[in-house]
Amino acid sequence: MDLNIYQFDPSCALEAILDYGPKKILCCTPQRPAPYLHLETLAQSCGLHLRYIHNFQVQAFLVSIANLTYPLDQAQECWTITATLCAHTSTAALYTVSFLHDCTCTITMGYQDRETVDTYFQDRFLWLSTRFSTS
């Protein structure tokens with residue numbers, strides 16, 4: 001498979017935020033996501049949750065992903081991702097992430113405070129969380 005790094009568009013990684021709260025976020029990917037977006041979807045789910053619980057006043061970044069495995073024959077499926085906050089310090093957050101049917105991994109996100117609200121991610125979160133609203 002030939003990959004063109006110039007086609008990488010992280011805004012295509014998540015289709016919607018289905019549910020969220022102070023300890024957990026539930027997201028889904030579009031149908032047939034590009035294979036190189038899988039890691040991005042997992043990291044974005046955690047990063048958006050981390051920003052949400054800090055009222056979008058932090059900059060979040062991926063530190064590590066551990067124990068990640070998934071069956072390659074299911075790589076093109078729509079993924080439903082549940083990221084659950086397990087531990088939280090003043091500079092990092094640890095998430096247990098489940099996706100597909102029984103795949104899990106552990107993601108560590110780092111963050112630092114911002115002086116102002118990050119309206120880009122606040123707007124993106126709002127847009128993703130209202131994509132499949134039933135109201």
Side-chain angles (χ1 to χ4, degrees):
M1 171 194 321
D2 292 331
L3 296 179
N4 183 346
I5 191 67
Y6 299 107
Q7 293 176 342
F8 177 75
D9 183 359
S11 69
C12 297
L14 292 176
E15 178 75 15
I17 296 172
L18 305 173
D19 195 18
Y20 59 92
K23 295 288 184 186
K24 187 184 302 189
I25 191 168
L26 179 66
C27 302
C28 68
T29 66
Q31 292 291 331
R32 302 188 57 76
Y36 52 83
L37 286 177
H38 290 307
L39 293 177
E40 186 69 25
T41 64
L42 301 174
Q44 276 190 29
S45 298
C46 297
L48 284 170
H49 184 262
L50 188 56
R51 287 177 169 97
Y52 161 73
I53 64 172
H54 287 278
N55 298 315
F56 301 94
Q57 289 188 287
V58 296
Q59 177 184 3
F61 50 91
L62 177 65
V63 174
S64 70
I65 298 179
N67 305 318
L68 174 63
T69 59
Y70 60 90
L72 292 177
D73 63 338
Q74 296 179 17
Q76 289 296 304
E77 288 185 20
C78 174
W79 286 15
T80 300
I81 301 163
T82 303
T84 304
L85 181 63
C86 298
H88 191 231
T89 70
S90 62
T91 59
L94 180 69
Y95 287 88
T96 298
V97 181
S98 60
F99 55 99
L100 289 173
H101 305 291
D102 59 355
C103 298
T104 61
C105 67
T106 303
I107 294 183
T108 304
M109 298 294 294
Y111 70 95
Q112 59 187 20
D113 291 333
R114 293 176 44 98
E115 291 183 19
T116 60
V117 171
D118 188 333
T119 57
Y120 174 81
F121 284 104
Q122 186 178 41
D123 292 346
R124 179 160 169 69
F125 188 94
L126 178 62
W127 183 78
L128 286 169
S129 64
T130 57
R131 299 251 315 151
F132 293 108
S133 175
T134 56
S135 50

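In what follows, residues are counted from 1 in the order of the sequence shown.
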Student: Measure the CD-CD distance between Q59 and Q112 for me, rounded to the nearest 0.5 Å.
Tutor: 4.5 Å

Student: Main chain of W79, side chain of T29: is a donor-acceptor contact present, judged purely on distance under 3.5 Å?
Tutor: yes

Student: With a 6.0 Å cut-off on ring centres, are H88 and Y111 close enough?
Tutor: yes

Student: Quick one: closest heavy-atom pair of E15 and P30, and the distance?
Tutor: OE1-CB, 3.4 Å

Student: Tell me whether L100 shares a hydrophobic cluster with I25, the cluster being built from Ile, Leu, Val, Met, Phe, Trp, Tyr side chains joined at under 4.5 Å.
Tutor: yes

Student: If you compare all heavy atoms of A13 against all heavy atoms of Q44, which two are closest, and at what distance to 0.1 Å?
Tutor: CB-NE2, 3.7 Å

Student: Work out which heavy atom in F56 is nearest to a heavy atom in F121; give both atom names and the distance.
Tutor: CE2-O, 3.6 Å

Student: Between L68 and F99, is a side chain to side chain contact (heavy atoms under 4.5 Å, CB included) present by the stated rule, with each step listed?
Tutor: CA-CA 10 Å; L68 174 63; F99 55 99; 3.4 Å; yes

Student: Quick one: pull up CH2 in W127 and CZ in R124 and give me the separation to the nearest 0.5 Å.
Tutor: 7.0 Å

Student: State the OG1-CG distance between T119 and L126, to the nearest 0.5 angstrom.
Tutor: 12.0 Å

Student: What's the shortest heavy-atom distance between G110 and V63, and which atoms?
Tutor: N-CG2, 3.3 Å

Student: What distance separates L85 CG from K23 NZ, expressed to the nearest 0.5 Å?
Tutor: 5.5 Å

Student: Are Y20 and L128 packed together at the side-chain level, in the sense that at least one heavy-atom pair is separated by less than 4.5 angstrom?
Tutor: no

Student: Quick check: closest heavy atoms across A43 and M109, and the distance to 0.1 Å?
Tutor: O-CE, 3.9 Å

Student: So which of I107, L39, T108, L42 actually passes side-chain contact (heavy atoms from CB on, under 4.5 Å) with L62?
Tutor: I107

Student: Would you check if V58 and R51 make a side-chain contact, meaning some heavy-atom pair closer than 4.5 Å?
Tutor: yes

Student: For the residue pair Y95 and H49, is the inter-centroid distance of their aromatic rings smaller than 6.0 Å?
Tutor: yes

Student: Begin from the C-alpha positions of V117 and N55 and carry the test side chain to side chain contact (heavy atoms under 4.5 Å, CB included) through to its verdict.
Tutor: CA-CA 7 Å; V117 171; N55 298 315; over 6 Å; no

Student: Mind listing the closest non-hydrogen atom pair of C27 and I17 along with its distance?
Tutor: SG-CG1, 4.0 Å

Student: Membership question, hydrophobic clusters at under 4.5 Å side-chain separation (ILVMFWY): are Y120 and L14 in the same one?
Tutor: yes

Student: Is there side-chain contact between V97 and S45, with at least one heavy-atom pair below 4.5 Å?
Tutor: no

Student: Return the CG to CG distance between L18 and L26, rounded to the nearest 0.5 Å.
Tutor: 4.5 Å

Student: Consider only side-chain heavy atoms of I, L, V, M, F, W and Y, link residues closer than 4.5 Å, and tell whether I53 and I81 are in one cluster.
Tutor: yes

Student: Tell me whether I65 shares a hydrophobic cluster with F61, the cluster being built from Ile, Leu, Val, Met, Phe, Trp, Tyr side chains joined at under 4.5 Å.
Tutor: no

